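All residue numbers in this chain count up from 1 along the given sequence. The model shown is predicted, which means the values in this text are computed figures rather than measured ones.
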Amino acid sequence: MKRTKATFDPKKFLAKVGEGKTVSKYGKDQIVFSQGEAADAVFFIQQGNVKLTVVSEQGKEAVVAMLGPGHFFGEGCLNGHPLRMATTRAVGECLITRLEKAIMIATIHNEPEFSELFISYLLARNSRIEEDLVDQLFNSSEKRLARLLLLLANYGKDGRPEPIVGKFSQETLAEMIGTTRARVSFFMNKFRKLGFIEYNGKLEVHTSLLNMVLHDKPEIKTGN
């Protein structure tokens, strides 16, 4: 009698240690990998948040992304990048799965469910990059901060924002939206007074903040 192949569960696969696969805990500010290191694995965030930063030849550092649970990072190694393009650091306590390049490629080829999960992530990430570009080109720093807070609170995932896990400094928020810490502080106080956000041990974002992002939302006009 032919045995039926067990159903493959990508999330269970990513949560467990296995061949070419490790699960590690990282403390606040601990580096996962550094810019310039050999790129030989892909990572998946089970819990916590990580920050991706890039340092220019002139020594200037910039925050290029903030990633949370369910996100992959380091996937550039699958595209032939021999070295890490950025430094990845834990914002708070994190639980992260590391998949060696060969295991990642084999799983993508052999498990359609995993391939679908990974492709969905890549498509969502590319969409986010496009939205970030439009955000930087057309929106004010106040709207950019509002959108960033909604993204950090996973707005849209279940229809409502969640408490933001981890503490993000105003300097980090300023770097991510391309403004000064003083401006971020001013906007955060304004949002709190308007009831858009709350500080109660954790930063909580309310759905009313979405109105600021949607109001006068830029549109790309195309020719007839």
task = Look at Arg125 together with Asp132 and state whether they make a salt bridge at an N to O cut-off of under 4.0 Å.
result = no
ask   = Is the shortest distance from a Lys or Arg side-chain nitrogen in Arg181 or Glu171 to a carboxylate oxygen in the other one below 4.0 Å?
value = yes
Ignoring hydrogens, what is the shortest heavy-atom contact between [X] and [Y]? Give both atom names and the distance.
| X | Y | value |
| --- | --- | --- |
| Tyr121 | Gly70 | CD1-O, 4.5 Å |
| Gln46 | Ala15 | NE2-CA, 3.5 Å |
| Gly74 | Arg84 | O-NH1, 3.1 Å |
| Ile45 | Gly48 | CG2-O, 3.4 Å |
| Phe72 | Val42 | CD2-CG1, 4.0 Å |
| Arg89 | Ile31 | NH1-CG1, 3.6 Å |

Test your reading of the model: is there a side-chain donor-acceptor pair from [X] to the backbone of [Y], 3.5 Å cut-off?
| X | Y | value |
| --- | --- | --- |
| Ser120 | Glu116 | yes |
| Ser34 | Glu37 | no |
| Glu111 | Phe8 | no |
| Asn189 | Ser185 | yes |
| Thr97 | Leu14 | yes |

Nearest 0.5 Å, please: how far is [atom2] in [Y] from [atom1] in [X]?
| X | Y | atom1 | atom2 | value |
| --- | --- | --- | --- | --- |
| Glu93 | Gln47 | CD | CD | 9.5 Å |
| Thr87 | Lys51 | OG1 | NZ | 10.5 Å |
| Leu83 | Asp40 | CG | CG | 10.5 Å |
| Leu173 | Met66 | CG | CE | 6.5 Å |
| Leu99 | Met104 | CG | CE | 6.0 Å |
| Leu148 | Leu152 | CG | CG | 4.5 Å |

Could you see if [X] belongs to whatever hydrophobic cluster contains [Y]? Use Ile, Leu, Val, Met, Phe, Trp, Tyr and a side-chain cutoff under 4.5 Å.
| X | Y | result |
| --- | --- | --- |
| Val184 | Leu151 | no |
| Phe118 | Leu123 | no |
| Val205 | Leu67 | no |
| Leu150 | Met176 | yes |
| Val32 | Ile103 | no |

message = Taking the ring centre of each residue, are Phe73 and Phe33 less than 6.0 Å apart?
response =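 Yes: the rings meet the under 6.0 Å criterion.
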Taking the side chain as every heavy atom from C-beta outward, state whether [X] and [Y] have any pair of such atoms under 4.5 Å apart.
| X | Y | result |
| --- | --- | --- |
| Leu52 | Val50 | yes |
| Leu145 | Phe191 | yes |
| Ile108 | Ile105 | no |
| Leu78 | Lys101 | yes |

ask   = Which residue pairs pass the ring-ring contact (aromatic ring centres under 6.0 Å, His included) test when at least one of the two sits in residues 85-111, sequence neighbours left out?
value =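 Applying ring-ring contact (aromatic ring centres under 6.0 Å, His included) to every pair that reaches into residues 85-111, excluding sequence neighbours, yields nothing.
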Glu142: which of Arg147, Lys190, Arg183 passes salt bridge (charged side-chain N to carboxylate O under 4.0 Å, His left out) =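 That would be Lys190; it is the only one of Arg147, Lys190, Arg183 passing the salt bridge (charged side-chain N to carboxylate O under 4.0 Å, His left out) with Glu142.
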inquiry  = Between Gln35 and Val54, is the side chain to side chain contact (heavy atoms under 4.5 Å, CB included) condition met? List the steps.
reply    = CA-CA 7 Å; Gln35 184 175 339; Val54 174; 3.9 Å; yes
task = Please determine if Lys21 forms a cation-pi arrangement with Phe44, meaning its NZ or CZ atom is less than 6.0 Å from the six-membered ring centre and no more than 45° off the ring axis.
result =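 Because its charged atom misses either the 6.0 Å distance or the 45° angle limit, Lys21 does not stack over Phe44.
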